[in-house]
Undergrad: 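Next up is a structure, given as structure tokens.
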Amino acid sequence: MSVTLEMLGTGNAFSKRFFNNNALVFQDGFTLMVDCGITAPLALYQTGRTFADIDGVLITHLHADHIGGLEELAFQMKFVHKRLIPLYVPETLTETLWENSLRAGLEQDDFNSLHHYFQVIPLRETEICSITPNLQVEIVQTQHIPGKRSYSLFINKTVFYSADAQFSRELIEEVYYTRGCRAILHDCQLQQPAVVHAGLAQLLTLPDEIQQSVYLMHYDDIMPEFEGKTGSMTFIKQHELITLG
Ligand SMILES: O=c1ccn([C@@H]2O[C@@H]3COP(=O)(O)O[C@H]3[C@H]2O)c(=O)[nH]1
Ligand SMILES: [Zn+2]
Ligand SMILES: [Zn+2]
């Protein structure tokens, strides 16, 4: 079952050229936003869309380049578009997302929880969540920042989306050989040393057959210097529509 995906941005947290690494996934007439960072509202605007075009939002972890646009999304859905869209969020992050991030801006007399702004759908590891008949996601906890929970995604079982994750050969081999994923969207830090993200040098040690399935995202602003230097891996670009799976 294939899905169509468009990156709203492909840059790292500090990128001034490529926007935050957030995606749109299209299936069955449903548009899912995967992460909603600080730059998501502007990136969406630049595609000619508004938040009215978003049917659901999924969060991988709680860094601002992945959740910084949620306050605007919540306010716009509540007061402008008057819709309660699903928020797919790892169950372990739900409380912290509200208490330590969104509450300060969103809380007011009548609206004092995440549930006043979204249909909160908790995601749990090993459970497949059906978003539409032909769009399923499964989260898997991956290593990113010590002491901080962060999740990668399987989309329709065969597309792996790392979000933010350190390099793990074991994980990528499992994703490719055991899970059979033939589309692996992986964050890629170009500047050394790569500590909390996968580094290009590390990803280049993967076998060529795996590299052919790897799309690089969440990269530094110096990406153009690395065109042609990524082995068999491909930089995914903002606003490119790609069909995967
Ligand atoms: O222990 C840390 C924590 C954070 N950082 C930086 O802050 C950024 C936060 O967003 P990000 O996860 O996309 O990328 C992170 C890194 O660029 C870091 O280098 N080491
Ligand atoms: Zn990030
Ligand atoms: Zn992060």
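Starting from 1, each residue takes its place in the sequence as its number. All heavy atoms count here, side chains included; hydrogens, waters and symmetry mates do not. Counting starts at 1 for both ligands and their atoms, in listed order.
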Undergrad: Compare all side-chain heavy atoms of Leu70 with those of Val57 and state whether any distance is below 4.5 angstrom.
TA: yes

Undergrad: Do Gln27 side-chain atoms and Thr132 backbone N/O form a donor-acceptor pair below 3.5 Å?
TA: no

Undergrad: Looking only at distances, please establish whether an N/O atom of ligand 1 is found under 3.5 Å from an N/O atom of His218.
TA: yes

Undergrad: Considering only the protein, which heavy-atom contact is closest to atom 8 (C) of ligand 1, and what is its distance?
TA: Phe14 CZ, 3.8 Å

Undergrad: What's within reach of the Zn ion (ligand 2), meaning protein N/O/S atoms under 2.8 Å?
TA: Asp65 OD2, His66 NE2, Asp164 OD2, His218 NE2

Undergrad: Under the rule for ring-ring contact (aromatic ring centres under 6.0 Å, His included), what residues qualify as partners of Phe154, not counting sequence neighbours?
TA: Phe160

Undergrad: Which atom name would you report as the N, O or S atom of His144 nearest the Zn ion (ligand 3)?
TA: NE2

Undergrad: Check this for me - ligand 1, His144, N or O atoms closer than 3.5 angstrom, yes or no?
TA: yes

Undergrad: Tyr219 and ring pair (Phe, Tyr, Trp, His ring centres under 6.0 Å): which single residue from Phe14, Phe19, Phe226, Phe235 fits?
TA: Phe235

Undergrad: Report whether Ile184 and Val159 are members of the same hydrophobic cluster (ILVMFWY, side-chain heavy atoms less than 4.5 Å apart, transitive linking).
TA: no

Undergrad: Tell me whether ligand 1 is touched by Val196 - counting only heavy atoms on the residue side and a distance under 4.0 Å.
TA: yes

Undergrad: Any chance you could lay out the salt bridge (Lys or Arg N to Asp or Glu O under 4.0 Å) test for Lys78 and Glu71, step after step, and finish with the verdict?
TA: CA-CA 11 Å; Lys78 187 92 191 155; Glu71 180 178 307; over 6 Å; no

Undergrad: Kindly compute the distance separating CZ (Arg182) from CG (Leu244), expressed to the nearest 0.5 Å.
TA: 13.5 Å

Undergrad: Check each atom of ligand 1 against the heavy atoms of Asp65 and keep those under 4.0 Å away; list them by number with element.
TA: 10 (O), 13 (O)

Undergrad: Would you check, one step at a time, whether the test ring pair (Phe, Tyr, Trp, His ring centres under 6.0 Å) holds for His63 with His144?
TA: CA-CA 11 Å; His63 277 147; His144 174 35; 5.2 Å; yes

Undergrad: Answer yes or no: does atom CD of Glu227 have more than 12 heavy-atom neighbours from other residues, nucleotides or ligands under 6.0 Å?
TA: yes

Undergrad: Select one of side chain, backbone, both or neither to describe which atoms of Ile145 lie under 4.0 Å from any atom of ligand 1, heavy atoms only.
TA: side chain

Undergrad: Donor-acceptor pair, Glu125 side chain versus Gln141 backbone, under 3.5 Å?
TA: yes

Undergrad: I'd like to know whether ligand 1 has His197 as a neighbour, heavy-atom separation below 4.0 Å.
TA: yes

